[in-house]
Amino acid sequence: MIKIFKQLGRHWAACLAVVALLVVQAYCDLSLPDYTSKIVDIGIQQGGIESPVPDTVRDTTLQALELLMSEEDAALAEQWYSAPDADGLRTLSSDADTAMTELESAFTTPDIVLYMAAAKNASEQAGTTDTVTPTTYDLDAVATQFSAMAQAPGAREMLQTQLASAISSLDESVADSLSSQAMLLVALEYDAQGIAHDVQMRYLLHTGGEMLALTLLMAAVAIAVGFIASRVSASIGRDLRREVFSTVVGYSNAEIEKFSTASLITRTTNDIQQVQFVCVILLRMVAYAPILGIGGILHVASGNTGLEWIIFVAVAALLVLIIFLMNVALPKFKQMQTLVDRLNLVSREILTGIMPIRAFSRERFEEERFDKANTDLMKTQLFTNRTMVAMMPFMTLIMNGTSLLIVWFGGKAMDLGTMQVGEMIAFITYTMQIVMSFLMLSMVAVMLPRAGVAADRIDEVIKTPATIHDPAAPKALPQNGTKGVVAFNDVSFRYPGSDEDALEHISFTAKPGETTAIIGSTGCGKSTLLNLIPRFYDVSEGSVTIDGVDVRDLPQAQLHDQLGYVPQKGVLFSGTIASNLKFGGDHITDADAREAAEIAQATEFITAKPEGYESTIAQGGSNVSGGQKQRLSIARAIAKHPQIYLFDDSFSALDYKTDVALRRALKEKTDNATVIIVAQRISTVLHANQILVLDEGRIVGKGTHAQLMESCPEYQEIARSQLSQKELNLQKEGE
């Protein structure tokens, strides 16, 4: 996990921008329930009236209210309301916001008393003792009555006494919600003015517009977060692939064999995709969930609903569920990547060896082998997926159970008058947001273990040092003198992890203008010896030098510039014939490529193709024959014009006629270069200036063909196995 956050830390500026945007998104998300509550409670239930202080009021109603106020409050009302206009309306000053708290305190109780008086008048008119909703007629009648009473001496004192009596008669539920009760008088007053519908619609449109603006802002922020998170994760994936690839390219054969090609491919693709995906999730969910959850808790705690305990019960249930499921699923996530490696290995082996599999009728066996690897991975994935799927019903149960508890206890609170419908809706929404934040964290907790394993596997590749590396104090090849002298000085070599030497005490010198051939039985170390020159492996003892300089003291780039290497298995790259021939560097011209193809006896089949040198080469050279692939590999090395040619059994796929013609042309071209050939056929090494005979990693014979036929039993055995007695006699006569 630390490794994943370390990758994110490289893009700290983008991560900070994401966090800032997520704070804005959370603010919008957490504000919407409040707006919903306002629309329900104020916009619908209160007719869009937010304050017990009316924006416009008729003079008669204001006078009646002032009679119910103290002299100080009445003076405050007169101060902030304009004089009556032609219709008798008085308007609240636009600057009254500064005194709104005092005005609301002054108007609340008189509003309630005047409304109760109007309701009482309505009940008397209806001839019932039940509460009847008053009309504007009732309000006008009560206002007129109060105005008439005001003319009598001591009227204000008498009304103040009645007001105190009315307040004391209010039950507790009404006393707790005086402000909302006072709105009823304001609504009745607006209805009398004929503007009640306009006031409500104006409030709904204004509040709805703010909600829409917040929603659009939240959508824009979410898009921006998604864009930045995707860009950061893509950059992390790109950097990891680049870092892994550059590391692997510098590996020697020992490191490649340690990890295996299939595992390296999995780590470069599947594992990096896992890390890339989880980085997006971390930026979009892990950073957002705590902000949303904490904000939801603060909103709930700031209210006075008394239902906060429900949230703690829901969160505790979620934590118990998540901890249980993680303990069950986590070990399986760690196994999954190993099983993916195994499946890739089996798939690669089968696809690479499809021809021998068919030739030996082993399709059924390989299908069963693949099916086992596939089934093992499937069972592990099914187990983890079923575990995670089981989480969802329990999550749904917890969320629905939480909603049920809120509705049950919220309904009781509304019955007591301590909660409104909008408040309960907002409380449910905040609770779901808190639960969802924990749900998001639990989903991430599911993905993190697998991504953590993937990150460890990637880091293992990056942190594994290459055993073959450039020297700290490199030396340069001499500028003057002979070029291309290769010398083995008492060289021994042992493969990593092996108990025995593959090569023992090898000493010889290969000179420019000469051909040195290496021959021996299968597994005697011929290719191993050749691989020590380009430093595919480093010697265990002794030294390999070029022009007197140890190859370990040369920069690898300079060393490889001197070499023209043709591997035992011809390898071509997807592209064209020309691009493969010019693979040795940008300095190779079209003329160089054509000359090299002619020397390698490849011109005939190249010109026979409709597109010639621009003919397409498929991946791995699968659309050319083995002999054509080998000739193109040889031409690729010749086109480079190296000082030293290394041929690792590179003529085995050629017929004798082509072999002879190629070596004759090569001799003319490489007259001043050092040529080292590993071969199985006597005919290939027959005319070499120096032939080394290897047996079990040791040189058992050194000399020309004629010398070895006289002195080396091992060479004689090879010659007799490949040449007839007549051919041997002809060679003796020729000598």
Side-chain angles (χ1 to χ4, degrees), residues 1-30 214-249 263-296 322 326 330 333-334 336-337 340 384 388 433 436-464:
M1 282 310 305
I2 296 175
K3 298 179 181 67
I4 295 176
F5 285 107
K6 186 177 178 181
Q7 292 296 328
L8 288 171
R10 295 180 179 180
H11 304 269
W12 60 269
C15 292
L16 287 178
V18 166
V19 171
L21 289 171
L22 288 176
V23 170
V24 176
Q25 183 180 350
Y27 171 79
C28 297
D29 209 353
L30 292 168
L214 282 174
T215 304
L216 293 175
L217 176 60
M218 186 170 64
V221 169
I223 292 171
V225 168
F227 176 79
I228 296 174
S230 299
R231 191 174 183 85
V232 168
S233 66
S235 299
I236 288 173
R238 177 202 62 200
D239 295 341
L240 284 176
R241 280 189 292 271
R242 182 184 295 159
E243 196 169 355
V244 169
F245 186 77
S246 62
T247 302
V248 171
V249 167
S263 180
L264 288 172
I265 291 173
T266 304
R267 294 172 196 238
T268 310
T269 54
N270 182 269
D271 288 357
I272 291 178
Q273 285 176 350
Q274 291 288 334
V275 172
Q276 185 174 331
F277 176 71
V278 88
C279 284
V280 175
I281 300 300
L282 285 172
L283 288 175
R284 297 188 65 177
M285 293 177 63
V286 174
Y288 187 58
I291 298 173
L292 186 65
I294 294 171
I322 292 168
M326 286 301 99
L330 190 58
F333 278 113
K334 293 182 178 179
M336 200 174 296
Q337 294 305 102
V340 171
T384 53
M388 294 305 104
Q433 287 176 333
M436 285 301 296
S437 66
F438 278 90
L439 179 60
M440 284 190 281
L441 289 175
S442 67
M443 302 261 315
V444 172
V446 171
M447 301 171 189
L448 283 181
R450 187 175 180 184
V453 172
D456 289 337
R457 284 159 51 87
I458 295 166
D459 194 61
E460 184 183 6
V461 174
I462 295 172
K463 292 291 179 63
T464 298

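As the structure is a computational prediction, the values presented were derived from the model and not from experiment.
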As an exercise, state the distance from [atom1] of [X] to [atom2] of [Y], rounded to the nearest 0.5 Å.
X      : Y      : atom1 : atom2 : value
Asp29  : Ile291 : CG    : CD1   : 11.5 Å
Arg241 : Ser246 : CZ    : OG    : 13.0 Å
Arg457 : Ile272 : CZ    : CD1   : 11.0 Å
Ile228 : Ile223 : CD1   : CD1   : 12.0 Å
Asp459 : Gln7   : CG    : CD    : 8.5 Å

Original post:
So, are Glu243 and Arg10 salt-bridged, with charged N and O less than 4.0 Å apart?
Top reply: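 Arg10 and Glu243: salt-bridged.
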Subject >> Salt bridge present between Asp271 and Arg267 (N-O < 4.0 angstrom) >> reply: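 No, Asp271 and Arg267 are not salt-bridged.
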Where [X] and [Y] come nearest, the two heavy atoms and their spacing:
X      : Y      : value
Leu264 : Thr268 : O-OG1, 2.6 Å
Ala229 : Arg284 : CB-CG, 3.8 Å
Leu283 : Leu22  : O-CD1, 3.2 Å
Ala454 : Gln274 : CB-CB, 3.9 Å
Leu21  : Val221 : O-CG1, 3.0 Å
Cys28  : Leu217 : SG-CD2, 3.7 Å

Original post:
How far apart are the C-alpha atoms of Cys279 and Leu8, what are their side-chain angles, what is the distance that settles it, and do they pass the side-chain contact (heavy atoms from CB on, under 4.5 Å) test?
Top reply: CA-CA 7 Å; Cys279 284; Leu8 288 171; 4.1 Å; yes
Original post:
Under 4.5 Å between any side-chain heavy atoms of Val275 and Leu240, yes or no?
Top reply: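 Side-chain contact under 4.5 Å: yes.
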Original post:
Do Ile236 and Gln276 have side-chain heavy atoms sitting under 4.5 Å apart?
Top reply: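 Result no, sub-4.5 Å side-chain heavy-atom pair not found.
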Subject >> More than 12 heavy atoms from other groups under 6.0 Å of CZ on Arg238 >> reply: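 Result for CZ/Arg238: enclosed.
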